[in-house]
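Step one of this worksheet: look at the structure below.
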Amino acid sequence: AALMEDQLRLFVGVPKDDRPALVGSVRTSAAKFPASAHAATLLAQAEWLAEDKVAALAAADRAVALDPASSAAQTMRAEILLDRAHDSDKPEDWTAARTAIVRANRADTENPVPLALFYRYHAMKGGPMPALGYDGLNRAFQLLPQNPTYRFNLASAMATKGDHARASRLLDPIAFSPHASDMREAAIRMKARYDAAARGK
């Protein structure tokens, strides 16, 4: 209950100018519950928002240590480790990120985030995308189709595989939205490219 308001603010997004105050609030509240994996996970999210990657990983590590079965804790840790691997490009960091993603998925196989992270892992690491990467992204989209990032990524993946017609259809809800936005304009441009490619075939 003490963390609920800050958790909701993190969930909906925080303007940059308001982030220092929110991070400070989470730090203060989380310090009152040192045995709570939930509090440690929320602190990791706040530190990540504050771009303090060392503190974010420390909080995520603590959350996982407190509750290894927590999907939220495992997932937050996997996201942080994947970012670290991308920055360092060290083999051991890529291995640690992959292991963390697998553990997050095992903690809750119906959580879409680790499934999408597996696709991101291979996309960021480079090289051929394995079938399991596409399967993970597709499953993440099925579990959370209202997430525009999953929709855009899946459309791009389908276009890469040559299925431009499906890629175009995936973007329909965004491209045909009645509300103007940069996202809608991007979807319209992508649809035009995919439709042209489908006609060319």
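Just the heavy atoms: all of them, side chains too, but no hydrogens, waters or symmetry mates, feed the values below.
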Give, for atom [atom1] of [X] and atom [atom2] of [Y], the distance between the pair rounded to the nearest 0.5 Å.
X: Leu154; Y: Asn147; atom1: CG; atom2: CG; value: 11.5 Å
X: Arg151; Y: Leu171; atom1: CZ; atom2: CG; value: 8.0 Å
X: Tyr194; Y: Leu170; atom1: OH; atom2: CG; value: 9.5 Å
X: Arg62; Y: Ser36; atom1: CZ; atom2: OG; value: 10.5 Å
X: Arg103; Y: Arg98; atom1: CZ; atom2: CZ; value: 13.0 Å
X: Glu47; Y: Asp52; atom1: CD; atom2: CG; value: 5.0 Å

Test your reading of the model: is there a side-chain donor-acceptor pair from [X] to the backbone of [Y], 3.5 Å cut-off?
X: Arg166; Y: Met158; result: no
X: Ser156; Y: Phe152; result: no
X: Thr109; Y: Asn105; result: no
X: Gln74; Y: Ala69; result: no
X: Thr95; Y: Pro91; result: yes

What are the two closest heavy atoms between [X] and [Y], and how far apart are they?
X: Ala104; Y: Ser71; value: O-OG, 4.2 Å
X: Ala167; Y: Ala159; value: CB-N, 3.9 Å
X: Ser168; Y: Asp195; value: OG-OD1, 2.6 Å
X: Thr41; Y: Ala63; value: OG1-CB, 3.4 Å
X: Ala30; Y: Ala39; value: CB-O, 3.9 Å

Heavy-atom side-chain proximity of Arg139 to Pro112 below 4.5 angstrom: no
Lys53 vs Asp87 side-chain heavy atoms within contact, under 4.5 Å: yes
Starting from [Y], can I reach [X] by hopping between I/L/V/M/F/W/Y residues whose side chains sit under 4.5 Å apart?
X: Trp48; Y: Leu42; result: no
X: Val113; Y: Leu144; result: yes
X: Ile174; Y: Met190; result: yes
X: Met76; Y: Leu57; result: yes
X: Val64; Y: Val26; result: no

Going by atom type alone, with no hydrogens or angles, which donor-acceptor pairs under 3.5 Å involve a side-chain atom of residues 3-15 and a protein atom two or more places apart or on another chain?
from	atom 1	to	atom 2	distance (Å)
Asp6	OD1	Ser25	OG	3.4
Asp6	OD2	Ser25	OG	2.7
Gln7	OE1	His38	NE2	3.1

Side chains of Trp94 and Asp89, donor plus acceptor under 3.5 Å: yes
Basic-acidic side-chain contact under 4.0 Å: Glu92, Arg84: no
Within residues 169-189 or reaching into it, pairs that qualify as salt bridge (charged side-chain N to carboxylate O under 4.0 Å, His left out) - sequence neighbours excluded: Asp172-Lys191
Within 6.0 Å of CD in Gln146, more than 12 heavy atoms from elsewhere: yes
Donor-acceptor contacts under 3.5 Å from residues 114-137 side chains, at least two apart:
none

